[in-house]
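See structure below.
Reminder, nothing fancy here: chain letters follow the sequence lines and each chain counts from 1.
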Protein chains: 2
Amino acid sequence: MQHLDTTDLRILSAMCARPKASAVALATELSLSRNTVQARLVRLESNGALLPFEQRVNPAALGFGLVSFVHIHVQQRLLGQIVEQLKAIPEIIEAHGVTGSADILARVVASGAEELFRVNGQILAIEGVERADTSLSMAELIPHRTTSLMDLRLAAGNGTGSRSTGSAAEVAG
Amino acid sequence: MQHLDTTDLRILSAMCARPKASAVALATELSLSRNTVQARLVRLESNGALLPFEQRVNPAALGFGLVSFVHIHVQQRLLGQIVEQLKAIPEIIEAHGVTGSADILARVVASGAEELFRVNGQILAIEGVERADTSLSMAELIPHRTTSLMDLRLAAGNGTGSRSTGSAAEVAG
DNA sequence: ATCAGGATTGGGCAACATGCACTATCCACG
DNA sequence: CGTGGATAGTGCATGTTGCCCAATCCTGAT
């Protein structure tokens, strides 16, 4: 993962503030050359700093308004196969191998309780899955955000004036 | 939350497949009028089906490569104030009020263990927070995805041919 | 069946953007 | 100092956007 310099951060931050702004407009706003913005955008996409567009799609709008977090306990030796089978369940939209009392923490969405129950049944039917403990999200207290992180980084690296060069202001690492 | 019909789904799905495609290109691909695509896109943005651009920013690229899930136990009567104070911690990038043994499940990122320890200290210092149990993400087994949900919905509502009209094929809800 | 309202279609237009190319300059490193 | 990559500024053919308009379609209510 290539880390970002202040110019990258400024570009990202401006894009968050004005997603529809063209590269030309961003360049003007940030006092950069249009070519620079374009080159940076290409690099941000190719090096993984920008995740795929699908992150923006709201599951609730697709009818999956029920969000739950499922703590899954598995037989470790079957982990690989289990993960493959979890991937085949469309309602599991994220999963992490975690430390702590559970082995996997999955985000599972559904249209309602009945469908969630069905999906949980699918999870439990996977060989090697010993337990699945489900917590329902009752409220989204802090919606997913990254601007707080960007602001933190910009505030930390903002000692080089309004026109920062790359390596002198590399802050994200 | 306004639910989406098949045309919306097809537009979203095409955007996920080709994020850089113009409205004109999408319209051609989907056999729709350009105006229709534009109108639908405006609606998708305004009704919350499309989340803000910042969802696409990868925290790891900002230097926050350590992901953890913090289960927070609180005094219920102080919940409102607690949430406000959690919001003021930039490294908390998501939080849900959940059922189950914990009250709040938070996603906390950091550059490393030391910083995570510091953030945890901040959480614990909030009045009304009784406990905070942290699980580290050791592996992103299933990266966040929504195309699986879209595919599911499209497969479920695909009985009306290649040119679906709105209400006859409303499937998401 | 009729009517009304919203959605969709197809087309137009001025302004603008994009992707790519080019040259010149700057900056960091060996 | 020399070199290579990054940045800046500019140009151009092509395509896009935001907005507008009129006509048609579709759906639900009466």
- Message: In this structure, how many angstroms lie between the C1' atom of C:dC27 and the CG atom of A:Asp5, rounded?
- Response: 13 Å

- Query: To the nearest Å, how far apart are B:Asp8 CG and C:dA7 C1'?
  - Reply: 12 Å

- Message: Hydrogens and angles aside, do A:His71 and B:His71 bring a side-chain donor and acceptor to less than 3.5 Å of each other?
- Response: yes

- Query: Can you find an N or O donor on one side and an acceptor on the other, under 3.5 Å apart, linking the side chain of B:Arg34 with the base of C:dG12?
  - Reply: yes

- Taking CG from A:Leu26 and P from D:dT7, how many angstroms apart are they, rounded to a whole number? 15 Å

- Query: Rounded to the nearest 0.5 Å, what separation is found between the CG atom of B:Leu41 and the OG atom of B:Ser46?
  - Reply: 10.5 Å

- Query: Going through the distances and angles, do A:Leu136 and A:Leu116 end up as a side chain to side chain contact (heavy atoms under 4.5 Å, CB included)?
  - Reply: CA-CA 10 Å; A:Leu136 299 184; A:Leu116 181 62; 3.3 Å; yes

- Measure from the side-chain N and O atoms of B:Thr146 to the backbone N and O of B:Leu149, and report whether any donor-acceptor pair falls under 3.5 Å. no

- By nearest-heavy-atom nucleotide on DNA chain D, the more 5' of A:Lys20 and A:Ala39 is A:Ala39

- Message: I want to verify a distance call: between C:dT9, D:dT7, C:dA17, whose nearest atom is closest to the A:Arg40 side chain?
- Response: D:dT7

- Note on the structure: To the nearest angstrom, the CG-C1' distance between B:Leu4 and C:dA7 comes to 16 Å

- Task: Output the single nucleotide from C:dT9, D:dT10, C:dA17 whose closest atom is nearest the side chain of A:Asn35.
- Result: D:dT10

- Toward the 5' end of DNA chain C, by each residue's nearest nucleotide, A:Ala21 or B:Ser33: B:Ser33

- Go through D:dA8, C:dG11, D:dG18 for me and flag the one nearest to the B:Gln38 side chain. D:dG18

- Message: Please check: side-chain N/O of B:Arg107 versus main-chain N/O of A:His144, any donor-acceptor pairing under 3.5 Å?
- Response: no

- Nucleotide D:dG15, atom P - distance to CZ of B:Arg18 in whole Å: 18 Å

- Over how many whole Å does the gap from B:Leu41 atom CG to D:dG18 atom P extend? 10 Å

- B:Glu45 has an atom CD; how far is it from atom P of D:dT17, in whole Å? 13 Å

- Considering only side-chain heavy atoms of B:Arg43, which listed nucleotide, D:dT16, C:dT9, C:dA7, is closest? C:dA7

- Message: Tell me whether the side-chain N/O atoms of B:Thr36 come closer than 4.0 Å to OP1 or OP2 in C:dT9.
- Response: yes

- Item | Nearest-Å distance for atom pair CG/P, residues A:Leu32 and C:dC26 | 17 Å

